[in-house]
Protein chains: 2
Amino acid sequence: MEAIADNASSLLRETSLFSAWPEALLNTLLTQSKKVTLGSGDILFVEKATANAFYLVLSGRIHLIAAAATGQEKIVEIIQINDLFAEAVAFLGGCYPVTAAADGPTTVLEIPLALFLEILEQKPQLMRQMLARLSMRLHFLVKELRHLSVESAEQRLASYLLELCPVVNNPAVIELPAKKAAVAARLGLTPETLSRVLSRMRKAGLIEVEQRTISIPDPLALRRWAGGH
Amino acid sequence: MEAIADNASSLLRETSLFSAWPEALLNTLLTQSKKVTLGSGDILFVEKATANAFYLVLSGRIHLIAAAATGQEKIVEIIQINDLFAEAVAFLGGCYPVTAAADGPTTVLEIPLALFLEILEQKPQLMRQMLARLSMRLHFLVKELRHLSVESAEQRLASYLLELCPVVNNPAVIELPAKKAAVAARLGLTPETLSRVLSRMRKAGLIEVEQRTISIPDPLALRRWAGGH
DNA sequence: CGCGAGATTGATCGCCCTCAAGGTAAGTGG
DNA sequence: CCACTTACCTTGAGGGCGATCAATCTCGCG
């Protein structure tokens with residue numbers, strides 16, 4: 001229990017949102033939070049459920065999924081270790097807009113909204129940070145909208161790979177953050193299409209694929225290639 | 001000039017963001033703001049430009065447009081009269097994520113970011129409202145992502161029409177907020193496809209179309225029909 | 001080895017875009 | 001009042017991208 005708290009504390013401190021919080025407040029928050037362990041595919045919360053808490057990924061991965069009436073699903077975002085999610089619902093006091101499911105064994109820290117809001121109310125500068133954070137998410141989603149609506153499969157995958165590159169000028173070797181089927185869903189594609197596009201890029205000499213490891217000798221060439229379809 | 005300020009003041013007060021602002025602060029903001037008149041197609045700001053202000057639509061309409069490298073365009077949102085836009089950039093101090101263009105003759109109120117931030121800094125409860133507002137936009141965009149990625153043209157148009165209905169149980173007569181080509185772009189479709197889908201709905205007896213006026217005898221039937229492709 | 005999950009590859013199909021040709025309606029000038 | 005113009009919408013034919021369905025392949029593992 002103590003070990004868990006310590007682990008969570010250090011992880012919390014690493015997030016941009018909490019990095020500037022005073023120790024005392026962070027501890028208060030932690031005593032009210034609890035660790036949740038999930039198996040592969042377990043549902044943390046479902047779309048439209050009343051939101052009582054938000055979450056920090058301690059280990060594993062969480063998929064945020066939007067489902068249509070027809071049963072089709074789209075992974076809106078893949079939440080990695082040490083990322084916060086669902087924190088935006090706090091200010092609406094409403095319900096979750098997506099479903100959250102574990103991708104493999106995963107542990108998350110569940111932080112109650114009520115206490116969080118109470119603390120925030122007394123610390124305006126923390127609010128300012130929340131605002132910046134939400135703005136960043138807004139920009140991210142706007143960018144996603146563009147990707148989905150006006151870019152081809154090649155362009156979407158290329159953008160995605162380029163985002164994973166630390167620097168765009170040098171050769172890079174990157175690791176896909178999840179199994180390919182999940183990456184495909186994240187990009188709004190089927191696994192088959194993802195496979196074919198990767199294959200096309202490989203044949204064009206732009207990337208090399210080995211399991212989840214992808215090496216990109218010339219990221220800029222990849223970007224140019226995607227530009228011309 | 002005085003008339004302009006009065007008009008803008010009353011409009012500002014009607015927006016959820018400013019409705020709770022004290023008169024004095026609102027006037028301070030107004031004296032620093034200025035009215036901008038735009039002709040059809042005029043660009044208010046372009047994507048990636050440094051953001052110095054955000055805007056309130058006083059009359060007409062503004063299209064927020066995301067463009068791809070290939071030149072294709074998608075209307076992310078259609079901003080109606082009395083709606084704020086671009087206010088989210090304030091907290092990043094960065095650049096606009098989309099391009100804003102006037103749809104027909106339009107006037108907007110240009111509100112400088114610097115002053116706005118300064119006021120906000122001193123009024124925590126106003127920040128709280130900003131947070132709620134940004135959360136709402138986040139939810140809106142998440143919903144949009146779902147629409148674009150997992151729904152068909154029929155479903156997207158049906159959802160769009162249903163959102164324009166005041167109540168979903170009763171017959172409704174609604175007015176498209178812009179010319180059909182713009183609505184199509186807003187839905188991620190071409191004008192041709194929009195026309196065809198409208199035609200299909202008409203032949204199914206679900207709607208009647210007269211210029212921009214659309215009557216929906218049974219919104220629920222429309223929703224059911226869209227569910228089954 | 002055999003099993004099963006994930007990845008690949010091929011064949012086919014459907015939705016939506018593109019290109020092209022009317023069609024409708026409102027506004028001009030004679 | 002009527003040709004003419006212009007903007008917008010509609011309708012049709014054809015094609016491409018990515019989904020679907022199905023078969024095969026790879027690899028880790030009991």
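Lettering follows sequence order; numbering is per chain, from 1.
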*For the residue pair A:Arg61 and A:Arg212, what are the closest heavy atoms and their distance?*
NH2-NH1, 4.3 Å
*Report yes or no: does B:Gln155 contribute a side-chain atom to a donor-acceptor pair with the main-chain N or O of B:Ser152 at less than 3.5 Å?*
yes
*Whole Å only: how far is the CD atom of B:Gln155 from the P atom of C:dC15?*
12 Å
_Donor-acceptor contact below 3.5 Å, side chain A:Asn170 vs main chain A:Val167_ = no
*Do you know the tightest heavy-atom contact between B:Leu198 and B:Lys180?*
CD1-CE, 4.1 Å
_Given A:Arg156, A:Arg186, A:Lys143, the one that forms salt bridge (charged side-chain N to carboxylate O under 4.0 Å, His left out) with A:Glu163_ = A:Lys143
*Mind running a 4.0 Å heavy-atom check of residues 185-209 of chain A against DNA chain D and sending the residues that fall below it, in number order?*
A:Gly188, A:Leu189, A:Thr190, A:Glu192, A:Thr193, A:Arg196
*asked:* When you measure from the side-chain N and O atoms of A:Lys180 to the phosphate of C:dG6, is any distance below 4.0 Å, counting only OP1 and OP2?
replied: no
*Rounded to the Å, how far apart are B:Lys179 NZ and D:dT6 P?*
16 Å
*Can you check the B:Glu210 CD to C:dA25 P distance for me, whole Å?*
9 Å
*Flag, side chain of B:Ser135 to backbone of B:Leu131, donor-acceptor distance under 3.5 Å*: yes
*C:dT24 C1' sits how many Å from B:Arg212 CZ, rounded?*
15 Å
*asked:* Without decimals, in angstroms, what is the distance between A:Glu151 CD and C:dC16 C1'?
replied: 18 Å
_Whole angstroms only, please: what is the NE2-C1' distance between B:His147 and C:dC16?_
19 Å
*Rounded to the nearest Å, what distance is computed from the CG atom of residue B:Asp103 to the P atom of nucleotide D:dA7?*
15 Å
*With the side chain of B:Ala153 defined as its heavy atoms from C-beta on, choose the nearest nucleotide among C:dC16, C:dA26, D:dG18.*
C:dC16
*asked:* Can you measure A:Arg156 atom CZ to D:dC17 atom C1' for me and round it to whole angstrom units?
replied: 11 Å
